[in-house]
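Structure first, then comments.
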Amino acid sequence: MDTALLLALGLLAQSLGLSWGVPRRPSTLYPWRRPPALGRVRRAWVIPPISVSENYKGLPYMLVQIRSDKRQPGGVIYSIQGPGVDEEPLGLFSVEKFSGRVFLNAELDREKTSSYRLKVFALDRGGSVLEEPTDLEIVVVDQNDNRPAFVQEVFAGRVLEGAAPGTYVTRAEATDADDPDTDNAALHYSILAQGSPELFSIHERTGEIRTVHVGLDREAVTTYNLTLQVADMSGQGLSATASAIISVDDINDNAPEFTRGKLLMEVTEAVSGVDVGRLEVEDRDLPGSPNWVANVTILEGDPEGHFGIRTDPRTNEGVLSVVKPLDYESHAHYELRVSVQNEAPLQAAPPRAQRGQATVSIRVQDVNEAPVFLENPLRTSLAEGAPPGTFVASFSAQDPDTVQLQRVSYSKDYDPEDWLQVDGATGQIQTRRVLSPASPFLKDGWYRAIVLALDDGSPPRTATGTLSVEILAVNDHAPALAPLAAPSLCSEPERGPGLLLGATDQDLPPHGAPFRFRLSPAEPGLGRNWSLSHVNGTHARLRPRHTLPEGLHRLRLLLQDSGQPPKEREQPLNVTLCRCGLSGACLPGAAALRAGGAGLGLGVLAVALGSAAVLLQRGSGSGRGTGACCAACRTTTFGTTFSTTTSREAGRRTRTPTI
């Protein structure tokens, strides 16, 4: 190849009149000078490009000889400048200053520099320019001196098993530093080794790796190792190798199967949340993937949903468990038909599973079960103050063990007031004493007790029943006036706010408020002199209808609650009338007049004391009569006295009036 290149360069030099180191006739020493044309002379010298092969070792090597037609006595001096001469890289080229021969002095590397452009000068001995400088281009001809190289040592690819022929997997890539426009960099890819059968191919120019045949099966081979080769000169030159690792990804092409078609299991009755047994499943797909995970379902044999099946993520077994307690007496044997599938749907058309379904026979074992209360908790109601021996409820239980004849007995477990009595044989409950309305165990009117039912099985079993009794309030208290600090008001009806009267009742709604306030009809004169106006459900306002005499006035009121039937109380009220100012308050100067006008002599006072004694006798016996001094009029009044009792409904101590 080098010989042919030199021959071509020699012919080119001959055609241009260049010298190649051999003496030539003078007519060949001026290639840049053409014969003069008629009428003009062109003075210019042009040197065609010179080609030289890289890595040429016959150095020094004459590239070309240049001559100027401006010959001078003493000769012409030639010089060159540019890269490779006086610029980096230095020393590649030189010229003999008198002969004009240009030499290559060192090996060239096209991959570093593909061409050099030099300036050629022709001078006389005095240093004057004889010719205009011209260019000399030296082109470095590429040699196949660079081996191709893959961009990486190992290429990775993935492909689904069962992929169709022509499926893209990955792409190998290589580079070559030689001239891309020559065969020195014309790369050719091939697969040197891939095992048998040959399932992959590589495109010789692009390096793309694709499948060529069907038959990729992850369950048979999970990874393929390919040895790749790339060669320049279209596959005939220098070469390099690399590897391609192709992983086969799993698809769900294998149906799960039970290892056994029939299974026998046992479980005790009356329990839940326990495992009955395991159903072993096998699947050839990738463990841990949705293609492998088994879902076992019950197809038939469990209409009431007593059983459930979950998957053990470690073993992929179906774990059969009881989710709803079983009853031996009603169902002693179950025959379940179960099936297994994967989380992911099956791909393509895999072979039909031979054991995709199985039969599970379950035998229920009988155990002694605890009695069962027919109603639990049991709620009932009873009127307050019920006497001893009052029937409360029949709190009975049944033993579910019908095959075993057993006796059930009853007892109390919790009765904080010891209020109830339970029949040990029948479970009937009655009161054994009167329940105190003030019992701290009455919560919002409810009393709670716990009853036990015990069978005589082996071992004996106990059931717990809760009895809640609502204590119904009865209307057994009439309302009473609330205490008044100073029952006085203005004698003129248009002055003052009147007297605000309030009432209370120990009974709970609906036996308490709203209350009805009335003047006693037994004294008709009260209605002519006094008026009662409604304020709200617990209060009324008392006023004189017209101006009345100052002093003490004795009234009789009727108070009625809203119970069914209603309770009514007649209650006396002593009121002192006084003369008031414009502000509605008693005038201080009228106190003596009011006291004298009251006519409270010794006899009247004795009558008042006697009335107080009678009222005290009618009271609870625990109160004590008191005298109330009207601070405004300094008149002693008698009437309402007070005693301290316990209100069961409010659960606290309250002051209630006693007449």
Side-chain angles (χ1 to χ4, degrees), residues 265-276 302-308 320-334 362-384 386 388-435 439-472:
M265 301 179 182
E266 291 184 348
V267 64
T268 58
E269 66 169 336
V271 294
S272 63
V274 297
D275 294 341
V276 182
D302 184 24
E304 297 181 357
H306 287 282
F307 301 95
L320 179 65
S321 61
V322 178
V323 297
K324 184 179 177 181
L326 303 170
D327 184 16
Y328 171 83
E329 286 71 25
S330 61
H331 207 148
H333 182 266
Y334 290 86
I362 302 174
R363 187 171 61 192
V364 181
Q365 297 176 339
D366 186 28
V367 296
N368 183 28
E369 300 173 78
V372 178
F373 283 99
L374 301 180
E375 184 180 355
N376 193 10
L378 177 62
R379 296 174 180 267
T380 185
S381 60
L382 200 65
E384 66 174 339
T390 302
F391 175 79
V392 177
S394 180
F395 204 9
S396 60
Q398 289 184 350
D399 195 317
D401 296 307
T402 56
V403 177
Q404 308 173 24
L405 297 179
Q406 298 175 350
R407 185 177 62 86
V408 178
S409 59
Y410 303 90
S411 61
K412 289 191 305 181
D413 181 62
Y414 178 75
D415 180 15
E417 283 285 359
D418 196 22
W419 176 48
L420 303 174
Q421 179 176 313
V422 179
D423 189 305
T426 65
Q428 286 193 353
I429 302 173
Q430 62 183 15
T431 61
R432 57 190 306 271
R433 64 185 184 85
V434 176
L435 179 64
S439 170
F441 299 102
L442 272 176
K443 305 297 183 182
D444 296 327
W446 287 85
Y447 183 85
R448 189 175 71 93
I450 295 178
V451 178
L452 301 179
L454 176 68
D455 65 19
D456 59 353
S458 179
R461 299 295 301 275
T462 303
T464 301
T466 300
L467 173 66
S468 296
V469 182
E470 182 183 17
I471 305 302
L472 300 177

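Predicted model, so just to flag it, every value in this text is computed and none were measured.
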Are the side chain of [X] and the backbone of [Y] linked by a donor-acceptor contact shorter than 3.5 Å?
X: W419; Y: R433; answer: yes
X: T431; Y: L420; answer: no
X: N376; Y: T464; answer: yes
X: N368; Y: P459; answer: yes
X: H333; Y: V364; answer: no
X: Y410; Y: A397; answer: yes
X: Y447; Y: S439; answer: no
X: D455; Y: Q406; answer: no
X: D423; Y: Q428; answer: no

Quick one: pull up [atom1] in [X] and [atom2] in [Y] and give me the separation to the nearest 0.5 Å.
X: T462; Y: L454; atom1: OG1; atom2: CG; result: 4.0 Å
X: I429; Y: L467; atom1: CD1; atom2: CG; result: 4.5 Å
X: D327; Y: E269; atom1: CG; atom2: CD; result: 5.5 Å
X: L452; Y: K412; atom1: CG; atom2: NZ; result: 11.5 Å

Audit row: S396, L374, side chain to side chain contact (heavy atoms under 4.5 Å, CB included) steps and yes/no:
CA-CA 7 Å; S396 60; L374 301 180; 4.1 Å; yes
Side chain to side chain contact (heavy atoms under 4.5 Å, CB included), that's the test. Do E384 and L435 meet it? Break it down for me.
CA-CA 8 Å; E384 66 174 339; L435 179 64; over 6 Å; no
I'd like to check E369 versus E329 (side-chain heavy atoms, cut-off strictly below 4.5 Å). Are they in contact?
yes
Identify whether the distance between the nearest side-chain nitrogen and carboxylate oxygen of D399 and R461 falls below 4.0 Å.
no
Work out which heavy atom in [X] is nearest to a heavy atom in [Y]; give both atom names and the distance.
X: T380; Y: A393; answer: CG2-CB, 4.4 Å
X: I450; Y: R448; answer: CD1-NH1, 3.6 Å
X: F373; Y: V451; answer: CZ-O, 3.7 Å
X: V434; Y: A386; answer: CG2-O, 3.7 Å
X: K324; Y: H306; answer: O-ND1, 3.1 Å
X: G389; Y: Q430; answer: O-OE1, 3.6 Å

Should L326 and F307 be marked as a side chain to side chain contact (heavy atoms under 4.5 Å, CB included) after you check the CA-CA gap, both sets of side-chain angles, and the distance that decides it?
CA-CA 9 Å; L326 303 170; F307 301 95; 4.0 Å; yes
Does [X], at its [atom1] atom, have more than 12 non-hydrogen atoms belonging to other residues, nucleotides or ligands within less than 6.0 Å?
X: R379; atom1: CZ; result: no
X: E470; atom1: CD; result: yes
X: D418; atom1: CG; result: yes

Residue pair T268, Q365: steps toward the side chain to side chain contact (heavy atoms under 4.5 Å, CB included) verdict:
CA-CA 4 Å; T268 58; Q365 297 176 339; 3.2 Å; yes
